[in-house]
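Encoded as structure tokens, the structure appears first; notes follow it.
The basis for the numbers below is simple: all heavy atoms, side chains too, and nothing from hydrogens, waters or symmetry mates.
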Amino acid sequence: MRMENGQIVGRFAPTPSGQMHLGNLFAGLLAWLSVRSQGGKMILRMEDLDAERCREAYADSIRRDLLWLGLDWDEETQPQSQRGEIYQRYFVGLKERGLLYPCYCTRSQLHAIGAPHSSDGTYVYPGTCRDLTPEAQGSFGRRPAWRVRVPDETVFFTDGVQGAYQENLLKDCGDFVVRRADGIFVYQLAVVVDDGLAGVSEVVRGADLLGSVARQMYLQRLFGFVKPEYYHIPMALAPDGRRLSKRDGDLSLAALRQKMPKEKLLGFLGFAAGLLPSSEAISVEELTKAFSWEKVARIAKENPEGLRLPPELIEV
Ligand code: GLU
């Protein structure tokens, strides 16, 4: 999708909490191929809101791995850890409109609700603290998290890979936290502000985040940002169908770089993503020419549980 000024803007937004592995790389590669095949602008953004888990050394290794593969970017935007004041402005805007309320529920109270949101393990909040009086709010003696009120409204959208999707904000998500009790802004708010301010026109990421779109579209509307196109790609799976995780150290880029030239790795990934008829080595330029979302959507439909990496990749 082009923005009003005609520009395609894509981004890759890794969390630098570990070495990049093939699972993350899939998202980065497809985001890059989509942007470059349309002559657009590519942004890199480090999502390091969780300061305890994120390290600059990991951010550096992600940059090195991307550049090794030939996946460059036109701009690296400020990392999220430095953007607290910007998020605060948007937070205050919501607060002034009466859309936020403080929530004093403890972790164990939230667990007791027992209805996790299908996608990310957060709970459909029943509104316990929605209408507390100022006296009741003052009686807890601790700092609250802040939730945004959601309407009883179904959000519909079409994902470029997963197809039609819908979620009811109240019944499937509930009022959700935008700032934690420790003052840290949550991913949902930060990602919407960052993508919106950077003029991002397409969001490519793992299918585990599909269930975040309704909340993000709601915030986009409140903030007045244009909705980007969404492409949620199936998870990369090991050849035996297991989900890859950061524990699969042998599938980190750092390890794979020692074992094979980049063209070989691109061939494996391009084949797994449905872009190529075989997993033969290929240059990034040729892979860009072979790219289309229709091909990715087709293979995703055939493999709803995830895209299996070719066994040769593990054996080399
Ligand atoms: N930072 C997230 C991750 O590494 C991606 C978020 C996004 O692309 O919206 O999984």
State whether the side chain of Gln162 and the backbone N or O of His232 hold a donor-acceptor pair below 3.5 Å, judged by distance alone.
yes
Go through the structure and list residues passing ring pair (Phe, Tyr, Trp, His ring centres under 6.0 Å) with Phe291, not counting sequence neighbours.
Trp293
Going from CG on Asn24 to CZ on Arg205, what distance comes out if it is rounded to the nearest 0.5 angstrom?
14.5 Å
When every non-hydrogen atom of Ala236 is compared with those of Phe26, the smallest separation belongs to CB-CD1, 3.3 Å
State, to 0.1 Å, how close Val150 and Leu169 come at their nearest heavy-atom pair, and which atoms those are.
CG2-O, 3.5 Å
Residues Ser283 and Glu286: side-chain donor-acceptor under 3.5 angstrom
no
Modelled atom types, side-chain donor and acceptor of Asp175 and Tyr101, under 3.5 Å:
yes
What's the verdict on ring pair (Phe, Tyr, Trp, His ring centres under 6.0 Å) for Tyr123 and His111, showing C-alpha distance, side-chain angles and the deciding distance?
CA-CA 8 Å; Tyr123 293 85; His111 279 294; 5.3 Å; yes
Please determine whether salt bridge (Lys or Arg N to Asp or Glu O under 4.0 Å) holds for the pair Arg63 and Glu56, giving the CA-CA distance in whole Å, both sets of side-chain angles, and the decisive distance to 0.1 Å.
CA-CA 11 Å; Arg63 291 185 197 102; Glu56 186 49 36; 3.1 Å; yes
Quick one: do the Ser34 and Gln38 side chains pair a donor with an acceptor below 3.5 Å?
yes
Kindly say whether Ser37 contributes a backbone atom to a donor-acceptor pair with the side chain of Thr288 at under 3.5 angstrom?
no
What's the verdict on side-chain contact (heavy atoms from CB on, under 4.5 Å) for Arg221 and Lys227, showing C-alpha distance, side-chain angles and the deciding distance?
CA-CA 8 Å; Arg221 198 171 77 200; Lys227 174 193 156 292; over 6 Å; no
Heavy-atom count check: over 12 atoms from other residues, nucleotides or ligands less than 6.0 Å from Gln82 CD?
yes
Taking atom CD1 of Ile62 and atom CG of Leu67, what is their separation to the nearest 0.5 Å?
12.0 Å
Determine yes or no for a side-chain-to-main-chain donor-acceptor pair under 3.5 angstrom, with Asp240 supplying the side chain and Arg242 the backbone.
yes
Separation between OG of Ser292 and CG of Leu33, rounded to the nearest 0.5 Å
11.0 Å
Looking at every non-hydrogen atom in both residues, tell me the closest pair between Ser212 and Gln188 and how far apart they are.
OG-NE2, 3.1 Å
Is it true that Gln88 and Arg179 share a donor-acceptor pair across their side chains at a distance under 3.5 Å?
yes
Taking atom CD of Glu280 as the centre, does the number of heavy atoms from other residues, nucleotides or ligands within less than 6.0 Å exceed 12?
no
Using modelled atom types only, decide if a donor and an acceptor are shared between the side chain of Arg298 and the backbone of Glu302 within a distance under 3.5 Å.
no
Measure from the side-chain N and O atoms of Arg53 to the backbone N and O of Leu49, and report whether any donor-acceptor pair falls under 3.5 Å.
no
Below 4.5 Å, heavy atoms only, C-beta onward: do Val161 and Lys301 meet side chain to side chain?
no
Answer yes or no: is there a donor N or O on one side and an acceptor on the other, between the side chain of Asp172 and the main chain of Glu167, under 3.5 Å?
no
Checking Arg308 side chain against Pro239 main chain: does a donor-acceptor pair fall under 3.5 Å?
yes
Mind telling me whether Phe91 and Phe185 have parallel, tilted or perpendicular rings, with 30° and 60° as the class edges?
perpendicular
Are side-chain heavy atoms of Glu202 and Ile8 found at a separation under 4.5 Å?
yes
Roughly how far apart are Leu237 CG and Asn303 CG, rounded to 0.5 Å?
8.5 Å
Show, in sequence, the C-alpha distance, side-chain angles and deciding distance for Phe176 and Val186, and conclude whether the side-chain contact (heavy atoms from CB on, under 4.5 Å) test is met.
CA-CA 10 Å; Phe176 56 95; Val186 307; 5.6 Å; no
Backbone N/O of Ala290 and side chain of Lys295: donor-acceptor pair under 3.5 Å
yes
Check whether Trp32 reaches the backbone of Asp72 with its side chain - one donor and one acceptor, N or O, closer than 3.5 Å.
yes
What residues form a salt bridge (charged side-chain N to carboxylate O under 4.0 Å, His left out) with Arg143, not counting sequence neighbours?
none
Checking Arg130 side chain against Cys103 main chain: does a donor-acceptor pair fall under 3.5 Å?
no
Could you check whether atom CZ of Arg142 has more than 12 heavy atoms from other residues, nucleotides or ligands sitting under 6.0 Å from it?
yes
Both conditions, 6.0 Å and 45 degrees, for the charged tip of Arg147 above the ring of Tyr125: are they met here?
yes
For Asp194 and Tyr87, test the side chains for any donor-to-acceptor distance below 3.5 angstrom and give the result as yes or no.
yes
Under the criterion side-chain contact (heavy atoms from CB on, under 4.5 Å), I'd like the reasoning laid out for Thr15 against Asp48: C-alpha separation, chi angles, the key distance, then a yes or no.
CA-CA 6 Å; Thr15 301; Asp48 57 352; over 6 Å; no
